[in-house]
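Nothing fancy with the numbering, it's 1 onward along the sequence. Side chains are part of it too, since the values below use all heavy atoms of this structure and drop only hydrogens, waters and symmetry mates. Remember, predicted model here, so these are calculated numbers, not experimental data.
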Amino acid sequence: TQTGDIYTYREYEKMEYNRVWIPDNEEVWQSAEITKNYRTGDHVLHLLLEDGTELNYPVDPAPLPPLRNPDILVGENDLTALSYLHEPAVLHNLKVRFVESKLIYTYSGIILVAMNPYKQLPIYGDAIIHAYSGQNMGDMDPHIFAVAEEAYKQMARNNRNQSVIVSGESGAGKTVSARYAMRYFATVSKSNSNAHVEDKVLASNPITEAVGNAKTTRNDNSSRFGKYTEISFDQTHQIIGANMRTYLLEKSRVVFQGMQKNLIIQEWAATLLSKESMTEQI
């Protein structure tokens with residue numbers, strides 16, 4: 001049995017020609033083939049690296065290395081379908097899908113893992129949105145639209161609020177992913193008599209990004225704030241408005257990166273708000 005990254009010795013008996021993952025300073029993990037059956041009490045595991053190098057890998061007192069999944073499972077669109085689910089298996093599966101298949105999305109159960117391609121991809125148009133509309137999550141390839149559709153469908157079917165959590169490190173693409181989810185909601189909920197509320201919801205992003213973004217080592221336009229955007233729907237499940245409930249601005253990073261620019265933008269925004277208030281009063 002497998003517990004985390006720890007394996008029982010029995011799993012390695014009669015495992016000749018099977019493969020494992022071992023740590024590597026450059027590649028993080030590298031694959032190796034077992035060349036000799038492991039016996040309980042052995043201090044080393046006899047391995048053959050992919051470059052032909054033979055290696056006696058110490059396993060006492062160090063734990064046995066993680067087993068590699070069969071090739072037939074590599075590239076699965078759901079990580080939970082893998083026989084062995086650990087760090088090297090996850091990284092390798094994501095790499096194969098991203099590099100070889102040019103796919104940036106992978107499921108892990110109900111979680112969607114997204115690889116940032118750092119370029120525009122033609123997979124977010126209206127035709128793709130309509131293809132995912134009404135489909136069950138898992139019926140089609142992993143996509144941010146599938147997650148958005150599941151949330152939208154559960155809201156409409158059960159008449160209950162739904163939440164989509166977008167998380168990741170700086171530069172991972174959280175803001176863009178949230179944008180695509182909002183675009184999906186705006187598109188599938190549109191009607192012929194809409195008052196362009198959806199367009200206003202989508203257009204609100206650049207305002208907050210203008211005063212709340214900063215340059216980082218990984219991203220030239222990194223969001224330095226957290227937000228909870230609440231999108232409201234009417235009884236026919238069409239968008240009627242949105243409200244940013246929470247706004248956490250990381251002031252130190254924003255001020256440090258281009259303070260003069262941010263001050264000008266804040267003054268510009270304040271001027272617009274002042275003019276709008278005067279117009280309403282008139």
Peer 1: Grab the two heavy atoms, one from Ala89 and one from Trp21, that are nearest each other, plus how far apart they are.
Peer 2: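 The pair with the smallest heavy-atom distance is N-NE1, 4.4 Å.
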
Peer 1: Just jot down the salt bridge (charged side-chain N to carboxylate O under 4.0 Å, His left out) partners of Glu50, sequence neighbours excluded, or say none.
Peer 2: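 So Glu50 forms a salt bridge (charged side-chain N to carboxylate O under 4.0 Å, His left out) with Arg68.
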
Peer 1: State, with a plain yes or no, whether a side-chain heavy atom of Val59 is found less than 4.5 Å away from one of Pro65.
Peer 2: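 When only atoms from C-beta onward are counted, Pro65 and Val59 do touch, with a gap below 4.5 Å.
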
Peer 1: My understanding is that only residues two or more places apart in sequence, or in another chain, count here; which of them pass side chain to side chain contact (heavy atoms under 4.5 Å, CB included) with Pro117?
Peer 2: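 Scan of Pro117 (side chain to side chain contact (heavy atoms under 4.5 Å, CB included), adjacent residues dropped) gives Phe98, Ile104, Lys119, Leu121.
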
Peer 1: Sequence neighbours left out, what passes side-chain hydrogen bond (donor to acceptor under 3.5 Å, both in side chains) with Asp234? Give chain and number order.
Peer 2: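 Expected list: Thr236.
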
Peer 1: Remaining members of Val96's ILVMFWY cluster at a side-chain heavy-atom cut-off under 4.5 Å?
Peer 2: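 Hydrophobic cluster check, Val96: joined to Val74.
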
Peer 1: Rounded to the nearest 0.5 Å, how far does NZ of Lys95 lie from CD of Glu100?
Peer 2: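 Rounded to the nearest 0.5 Å, the CD-NZ separation comes out at 8.5 Å.
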
Peer 1: Between Met137 and Val147, which heavy-atom pair has the shortest distance, and what is it?
Peer 2: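 What the structure gives for the nearest pair is CE-CG2, 3.9 Å.
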
Peer 1: For Lys153, enumerate each residue passing the salt bridge (charged side-chain N to carboxylate O under 4.0 Å, His left out) test, keeping only those at least two apart in sequence or located in another chain.
Peer 2: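 Salt bridge (charged side-chain N to carboxylate O under 4.0 Å, His left out) check on Lys153 returns Glu150.
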
Peer 1: If only atom types and distance count, is the side chain of Asn116 paired as donor or acceptor with the main-chain N or O of Tyr118 below 3.5 Å?
Peer 2: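 A pair under 3.5 Å: yes.
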
Peer 1: Set out, in order, the CA-CA distance, both residues' side-chain angles and the distance that settles side chain to side chain contact (heavy atoms under 4.5 Å, CB included) for Arg19 and Asp71, then state yes or no.
Peer 2: CA-CA 10 Å; Arg19 291 174 296 176; Asp71 288 340; 2.6 Å; yes

Peer 1: Residues in side-chain hydrogen bond (donor to acceptor under 3.5 Å, both in side chains) with Tyr152, at least two apart?
Peer 2: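 Residues passing side-chain hydrogen bond (donor to acceptor under 3.5 Å, both in side chains) with Tyr152: none at all.
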
Peer 1: Treat each ILVMFWY residue as a node, draw an edge where side-chain heavy atoms are under 4.5 Å apart, and state whether Val90 and Ile111 are in one component.
Peer 2: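 Val90 does not cluster with Ile111.
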
Peer 1: Using only atom types and a distance under 3.5 Å, with no angle test, would you say the side chain of His92 pairs donor to acceptor with the backbone of Ser31?
Peer 2: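 Checked: no pair found.
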
Peer 1: Starting at CD1 of Ile240, measure out to CD of Gln235 and round the result to the nearest 0.5 Å.
Peer 2: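 Spacing of CD1 (Ile240) from CD (Gln235) equals 9.0 Å.
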
Peer 1: Of all the heavy-atom pairs spanning Ala148 and Phe185, show the shortest one and how long it is.
Peer 2: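 It is O-CE2, 3.3 Å.
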
Peer 1: Using a 3.5 Å cut-off and no angle test, enumerate the donor-acceptor pairs between side-chain atoms of residues 75-82 and protein atoms at least two apart in sequence or in another chain.
Peer 2:
from  : atom 1 : to     : atom 2 : distance (Å)
Asp78 : OD1    : Thr80  : N      : 3.0
Asp78 : OD1    : Thr80  : OG1    : 2.7
Asp78 : OD1    : Gly109 : N      : 3.1
Asp78 : OD2    : Thr80  : OG1    : 3.3

Peer 1: Kindly determine whether Phe233 and Ile239 satisfy side chain to side chain contact (heavy atoms under 4.5 Å, CB included), including the steps that lead there.
Peer 2: CA-CA 4 Å; Phe233 297 81; Ile239 293 180; 3.4 Å; yes

Peer 1: Does His46 have any ring pair (Phe, Tyr, Trp, His ring centres under 6.0 Å) partners at least two apart in sequence or in another chain, and if so, which?
Peer 2: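 Applying ring pair (Phe, Tyr, Trp, His ring centres under 6.0 Å) to His46 gives none.
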
Peer 1: Treating Ile, Leu, Val, Met, Phe, Trp and Tyr as nodes and any side-chain heavy-atom pair under 4.5 angstrom as an edge, say whether Ile72 and Leu85 lie in one connected cluster.
Peer 2: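 In one cluster: yes.
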
Peer 1: For residues Leu47 and Tyr57, report the shortest heavy-atom separation together with the two atoms involved.
Peer 2: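 Heavy atoms only, the tightest pair is CD1-CB, 3.6 Å.
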
Peer 1: Could you tell me which residues satisfy side-chain hydrogen bond (donor to acceptor under 3.5 Å, both in side chains) with Ser101, sequence neighbours excluded, listed by chain and number?
Peer 2: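 Partners of Ser101 under the side-chain hydrogen bond (donor to acceptor under 3.5 Å, both in side chains) test: none.
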
Peer 1: Quick check: do Thr187 and His130 have side-chain heavy atoms less than 4.5 Å from each other?
Peer 2: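 The answer is yes, as the side chains (C-beta and beyond) meet within the 4.5 Å cut-off.
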
Peer 1: Identify the two heavy atoms, one from Ala151 and one from Val164, that lie closest to each other, and give their separation to 0.1 Å.
Peer 2: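 Residues Ala151 and Val164, closest heavy atoms: CB-CG2, 3.8 Å.
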
Peer 1: For residues 102-113, which residue pairs qualify under side-chain hydrogen bond (donor to acceptor under 3.5 Å, both in side chains), counting only residues two or more places apart or in two chains?
Peer 2: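 Non-adjacent pairs meeting side-chain hydrogen bond (donor to acceptor under 3.5 Å, both in side chains): Arg97-Thr106, Tyr105-Tyr124.
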
Peer 1: CG of Asn161: more than 12 outside heavy atoms within 6.0 angstrom?
Peer 2: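 No, because the 6.0 Å sphere around CG of Asn161 holds 12 heavy atoms or fewer from other groups.
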
Peer 1: Do Asp141 and Tyr132 come within less than 4.5 Å of each other through their side chains, counting heavy atoms only?
Peer 2: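 Yes - at least one pair of side-chain heavy atoms lies under 4.5 Å apart.
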
Peer 1: Does Leu49 have any side chain to side chain contact (heavy atoms under 4.5 Å, CB included) partners at least two apart in sequence or in another chain, and if so, which?
Peer 2: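 For Leu49, the residues satisfying side chain to side chain contact (heavy atoms under 4.5 Å, CB included) (neighbours in sequence not counted) are Ile22, Gln30, Ala32, Asp51, Thr53, Leu55.
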
Peer 1: Are Leu112 and Met115 connected in the hydrophobic side-chain network, where two residues link if heavy atoms are under 4.5 Å apart?
Peer 2: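 Yes; Met115 is reachable from Leu112 via cluster members.
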
Peer 1: Is there side-chain contact between Val188 and His237, with at least one heavy-atom pair below 4.5 Å?
Peer 2: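 Not in contact.
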
Peer 1: Are any of the side-chain heavy atoms of Glu149 and Ser133 separated by less than 4.5 Å?
Peer 2: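 Touching, per the 4.5 Å side-chain cut-off.
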
Peer 1: Please list, chain by chain and in numerical order, all residues satisfying side-chain hydrogen bond (donor to acceptor under 3.5 Å, both in side chains) with Asn159, sequence neighbours excluded.
Peer 2: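 Scan of Asn159 (side-chain hydrogen bond (donor to acceptor under 3.5 Å, both in side chains), adjacent residues dropped) gives none.
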
Peer 1: Can you list the steps and then say if Asn37 with Arg39 is a side chain to side chain contact (heavy atoms under 4.5 Å, CB included)?
Peer 2: CA-CA 6 Å; Asn37 286 335; Arg39 303 297 180 187; 4.1 Å; yes

Peer 1: Is there a path of hydrophobic side-chain contacts, each under 4.5 Å between heavy atoms of I, L, V, M, F, W or Y residues, that connects Leu94 with Val99?
Peer 2: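 In one cluster: yes.
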
Peer 1: Looking at every heavy atom in both Phe145 and Ile123, which two are closest together, and how far apart are they?
Peer 2: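 Closest approach of Phe145 to Ile123: CE1-O, 3.9 Å.
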
